[in-house]
Every structure is written in structure tokens, then in C-alpha cells.
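These notes concern the structure reproduced below.
Just follow the structure's listing: the first ligand is 1, and inside any ligand the first atom is 1. Since we're looking at a predicted model, the values are computed, not measured.
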Amino acid sequence: MKRIIIAIDGPAASGKSTTAKLLARKLGYLYLDTGAMYRACALAAKRRNIDIDDDDALKDLILNTHVLIQNTEQGNITLLDSEDVSTAIREPDISLLASAISAKAIVRTKMVELQREMGKMGGVVLDGRDIGTVVFPEAELKFFIVAPVQVRAERRFLELQEKGLSPVFEEVLEELQKRDKADSSRALAPLIPAQDAIEIDTGPLTIEGQVEELYQHYQKRMAEL
Ligand code: CDP
């Protein structure tokens with residue numbers, strides 16, 4: 001059976017990665033979390049104390065940093081120069097820095113190139129902000145996942161609590177709003193639905209319900225191909 005490219009885009013904490021991961025598992029596809037790659041770039045900049053507005057320093061960092069997503073039996077791990085940074089990149093301060101660094105052309109060019117290389121054979125689910133519009137505009141199936149910001153903030157709040165952190169709800173909400181605004185209004189690869197994306201509101205759905213809905217669209221699309 002043909003192994004296609006599935007693009008899942010949408011705002012922060014809309015349920016993209018959970019859905020993408022489970023859908024990929026169900027289909028026996030590779031899952032590629034592109035947000036993790038921008039998060040790894042942000043972590044690299046933070047660790048080396050680089051001002052991301054300093055173009056030369058940023059260029060030097062990006063050209064000499066190796067970011068890789070590895071699929072393992074336990075799921076995806078994010079490697080930064082061979083170090084597993086999967087946990088470190090989920091820190092709340094990295095989220096905003098990832099959003100800021102991902103607006104830089106040098107960063108996007110390198111990450112998009114890596115993403116295309118990893119996904120070009122098909123049989124892959126990618127999630128991010130610009131997968132259906134920029135990375136793989138030719139993807140056979142595209143989704144744009146949304147949910148009300150209040151619902152997304154509650155989800156992220158619980159996620160952080162489960163990690164043993166002590167988040168403040170208002171701060172989580174504010175961070176998501178800031179990031180949504182920055183991601184949607186930037187000049188390069190802004191967060192917008194591709195014209196042929198199927199919009200799914202995960203607000204009223206359970207995780208199983210989300211995966212099932214996407215799976216049904218997948219089956220319908222496969223019957224057309
Ligand atoms: O998981 P969450 O929705 O909080 O964010 P993420 O998917 O890990 O992405 C972190 C940040 O990376 C986003 O706020 C975007 O600014 C950026 N990003 C991007 O620009 N393009 C992508 N394809 C994926 C993420």
C-alpha cells in the first residue's frame with residue numbers, strides 16, 4: 001500500500017503531537033515532531049548564551065549544531081549534538097525561545113532541509129506549524145488542529161503539573177497567547193492553514209476520538225489515491 005506524507009499543523013498545545021504520535025503508531029509510520037527540532041535549537045542558543053538577534057553568532061551556532069530526531073522503541077528522542085535533550089527542551093522558558101528562534105531564516109532553512117530529508121520517502125506523520133504550507137506542500141493528507149485557547153492552556157497546565165513542575169495557570173495561558181501571536185504574525189512560514197487542510201477542533205474530543213477522526217480521513221484519502 002502507498003505510504004503517504006501526513007502533515008499536522010496547528011497552534012501550541014492543540015493536541016497535534018499526541019494525535020500525530022498515536023496516528024503514526026496505528027499506521028506503522030514514522031513520527032516527526034518538528035517543534036522538538038526548534039526547541040533543540042533554542043536550547044543550544046540558551047546553553048551557549050547566544051543572542052539570537054546577533055545574526056553572525058546565530059549562523060555560527062546553527063551551522064555547527066547537529067539536531068536529530070531518532071525513532072526508538074520507546075518513542076521519539078531529540079538529540080542535540082548526540083546528547084538526548086528530550087526532557088530539557090520541554091522546559092517552559094524554552095517554548096518562547098523556540099518560537100523566537102524559529103522566526104529566523106537561517107534556522108528555518110536548515111531545519112526544513114532536515115525535515116524534507118527525513119520525510120521524503122513517505123510513511124511519515126509530521127507535526128508543526130508550516131508542514132502543509134512550506135515543508136511538504138505536496139503532502140497527500142493535511143490537518144489543521146485547533147482548540148479554544150482556554151482548553152489548550154488547561155492541557156498544557158496539567159502536562160506541566162504531571163512533570164512535577166508548579167505552573168501558574170495565568171502564566172501558562174499568557175505564554176500560549178504570546179506564542180500563538182508570534183507564530184501567526186511572523187513573516188516567514190507563519191502559522192496558517194494550508195488551503196487543502198482539514199480543520200479539526202479537538203476541544204470537544206477525547207484523545208481516542210481525535211485519533212479516530214484523523215484515521216477516518218486517512219482511510220477516505222487512501223481510497224481516493
Ligand atoms: O508543543 P507545542 O505546541 O507547545 O510547541 P512545539 O510544536 O514544540 O513548537 C515550539 C515552537 O517551535 C512553536 O511555538 C513554533 O514557533 C516553532 N515551530 C515552528 O516554527 N515550525 C514548526 N514546524 C514547528 C514548531
Side-chain angles (χ1 to χ4, degrees), residues 5-21 31-46 52 62 67 69 75-78 80 85-119 124-137 139 142-147 149 151-160 162-163 165 167 171-194 197 202 210:
I5 296 175
I6 302 179
I8 304 187
D9 291 305
S14 54
K16 297 180 307 288
S17 24
T18 315
T19 316
K21 208 181 298 170
Y31 163 55
L32 186 57
D33 174 358
T34 64
M37 299 172 73
Y38 293 101
R39 286 172 178 272
C41 293
L43 182 66
K46 185 185 165 197
I52 66 163
I62 294 305
V67 172
I69 304 288
N76 263 351
I77 57 171
T78 307
L80 173 63
V85 293
S86 311
T87 307
I89 58 168
R90 300 291 156 194
E91 294 291 326
D93 63 331
I94 294 296
S95 302
L96 276 176
L97 193 56
S99 180
I101 209 168
S102 73
K104 303 287 183 189
I106 179 79
V107 178
R108 292 211 81 81
T109 304
K110 180 153 174 208
M111 292 307 120
V112 169
E113 193 184 306
L114 288 172
Q115 290 156 17
R116 287 186 178 143
E117 194 51 44
M118 288 189 261
V124 63
V125 181
L126 299 101
D127 81 348
R129 302 292 185 286
D130 61 337
I131 310 302
T133 49
V134 175
V135 185
F136 284 114
K142 300 178 187 174
F143 295 102
F144 196 76
I145 309 277
V146 297
V149 69
V151 173
R152 293 189 281 122
E154 274 160 30
R155 288 180 184 160
R156 185 52 44 97
F157 177 78
L158 290 176
E159 235 172 69
L160 294 170
E162 276 162 22
K163 281 188 191 147
L165 299 168
E171 284 175 15
V172 174
L173 180 68
E174 201 182 316
E175 186 261 313
L176 286 187
Q177 285 168 325
K178 259 194 204 159
R179 203 140 59 91
D180 284 353
K181 191 163 177 242
D183 291 351
S184 309
S185 61
R186 67 188 177 201
L188 258 179
L191 170 67
I192 40 162
T202 65
Q210 274 160 228

Nearest protein heavy-atom contact for [atom]: which residue, which atom, what distance?
{"atom": "atom 24 (C) of ligand 1", "result": "Thr34 OG1, 3.4 Å"}
{"atom": "atom 10 (C) of ligand 1", "result": "Arg179 NH1, 3.5 Å"}
{"atom": "atom 17 (C) of ligand 1", "result": "Ser102 OG, 3.4 Å"}

Do [X] side-chain atoms and [Y] backbone N/O form a donor-acceptor pair below 3.5 Å?
{"X": "Arg108", "Y": "Ala103", "result": "no"}
{"X": "Ser86", "Y": "Ile77", "result": "no"}
{"X": "Lys142", "Y": "Ala194", "result": "no"}
{"X": "Thr78", "Y": "Ile69", "result": "no"}
{"X": "Arg152", "Y": "Ala147", "result": "yes"}

**Lys163, NZ atom: more than 12 neighbouring heavy atoms under 6.0 Å** =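 It does: Lys163 NZ has more than 12 such atoms within range.
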**Charged N-O contact under 4.0 Å between Glu175 and Lys178** = no
Just go through [options] and tell me whose heavy atom is the nearest to [atom].
{"atom": "atom 20 (O) of ligand 1", "options": "Arg129, Arg108, Lys104, Lys16", "value": "Arg108"}
{"atom": "atom 25 (C) of ligand 1", "options": "Gly10, Ala7, Gly35, Pro92", "value": "Gly35"}
{"atom": "atom 2 (P) of ligand 1", "options": "Arg186, Gln115, Arg39", "value": "Arg39"}

Under a 4.0 angstrom heavy-atom cut-off, which atoms of ligand 1 come close to [X]?
{"X": "Ala12", "result": "3 (O), 4 (O)"}
{"X": "Ala13", "result": "3 (O)"}
{"X": "Arg156", "result": "1 (O), 2 (P), 4 (O)"}
{"X": "Tyr38", "result": "12 (O), 18 (N), 19 (C), 21 (N), 22 (C), 23 (N), 24 (C), 25 (C)"}
{"X": "Gly128", "result": "22 (C), 23 (N), 24 (C)"}
{"X": "Asp183", "result": "13 (C), 14 (O), 15 (C), 16 (O)"}

**Prompt:** So is Asp127 polar-close to ligand 1, meaning N/O to N/O under 3.5 Å?
**Reply:**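 No, since none of the N or O atoms of Asp127 sits under 3.5 Å from an N or O of ligand 1.
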**Asked** Would you say Asp130 has any N or O atom under 3.5 Å from an N or O of ligand 1, going by distance alone?
**Response**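 Min N/O separation from ligand 1 is below 3.5 Å for Asp130.
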**Asked** Picking from Asp9, Asp183, Asp180, Asp33, what satisfies salt bridge (charged side-chain N to carboxylate O under 4.0 Å, His left out) with Arg129?
**Response**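 The passing option is Asp183.
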**Prompt:** Is a side-chain donor-acceptor pair under 3.5 Å present for Arg155 with Thr202?
**Reply:**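 Distance-only check passes for Thr202 and Arg155.
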